[in-house]
Amino acid sequence: MKNTLFITWIFLMLFTLASAFMAGSNFQYIALAILGLAYLKFIAVAFYFMELKKANSFWQASLVLFLLVFITIILMV
């Protein structure tokens, strides 16, 4: 259990560094890439650190769907 949390924490740090480095580039779809990393970080925090993986599947699905709708709205604006 502790090893899984540590590996998740390492990935969160790597995603954060990747987002920071991508923010300074001139890549055309940078917003999509940064939002994708933010989506993965939010899912990792919710499922591993907030113990959502032990919750009812309704709450798991509603979190994922909410994030997809939220990111879609942000990209449309």
Side-chain angles (χ1 to χ4, degrees):
M1 178 70 178
K2 243 182 177 176
N3 195 20
T4 305
L5 292 178
F6 182 71
I7 292 171
T8 304
W9 183 80
I10 293 293
F11 277 114
L12 288 172
M13 292 298 116
L14 291 174
F15 288 162
T16 302
L17 288 174
S19 296
F21 286 124
M22 282 192 292
S25 69
N26 292 329
F27 184 58
Q28 184 178 359
Y29 297 106
I30 198 68
L32 182 63
I34 291 175
L35 281 173
L37 286 176
Y39 175 80
L40 291 174
K41 289 191 313 185
F42 193 89
I43 291 293
V45 168
F47 277 82
Y48 288 100
F49 292 108
M50 295 171 57
E51 299 292 331
L52 190 63
K53 64 183 173 183
K54 295 179 183 176
N56 190 347
S57 59
F58 169 78
W59 295 113
Q60 294 173 354
S62 58
L63 175 76
V64 171
L65 288 174
F66 170 76
L67 286 174
L68 288 175
V69 169
F70 186 71
I71 288 175
T72 304
I73 290 171
I74 288 175
L75 289 174
M76 290 173 71
V77 172

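A quick note: this is a predicted structure, and the numbers were derived from the prediction, not measured.
- At a threshold of 4.5 Å between side-chain heavy atoms, the hydrophobic network of Ile, Leu, Val, Met, Phe, Trp and Tyr places Phe21 and Tyr39 in two separate groups.
- Atom CG of Asn3 sits about 9.5 Å away from atom OG1 of Thr8, to the nearest 0.5 Å.
- Within 6.0 Å of atom CZ in Phe42, 12 or fewer heavy atoms from other residues, nucleotides or ligands are found, so the atom counts as exposed in its surroundings.
- Clustering ILVMFWY residues whenever any of their side-chain heavy atoms sit less than 4.5 angstrom apart, transitively, puts Ile73 in a cluster other than the one holding Leu65.
- Looking only at side-chain heavy atoms (C-beta outward), Leu63 and Ile43 come within less than 4.5 Å of each other.
- Note that CG of Leu52 and OG of Ser62 are 8.0 Å apart. Values are rounded to the nearest 0.5 Å.
- To the nearest 0.5 Å, atoms CH2 (Trp9) and CG (Leu14) are separated by 9.5 Å.
- Taking CG from Leu5 and CZ from Phe49, the interatomic distance works out to 5.5 Å, rounded to the nearest 0.5 Å.
- Other residues, nucleotides and ligands contribute at most 12 non-hydrogen atoms within 6.0 Å of the CE atom of Met50.
- Screening Ile10, Leu40, Ile34 for a side-chain contact (heavy atoms from CB on, under 4.5 Å) with Phe15, the sole residue that qualifies is Leu40.
- Criterion: ILVMFWY side-chain heavy atoms under 4.5 Å apart, direct or through other members. Under it, Tyr48 and Phe6 are part of a common hydrophobic cluster.
- Taking NZ of Lys41 as the reference point, atom CE of Met13 lies at 8.0 Å (rounded to 0.5 Å).
- A pairwise comparison of heavy atoms in Gln60 and Lys53 identifies NE2-O, 3.1 Å as the closest pair.
- Residues Tyr29 and Ile71 share a single hydrophobic cluster, defined by chaining ILVMFWY side chains whose heavy atoms lie under 4.5 Å apart.
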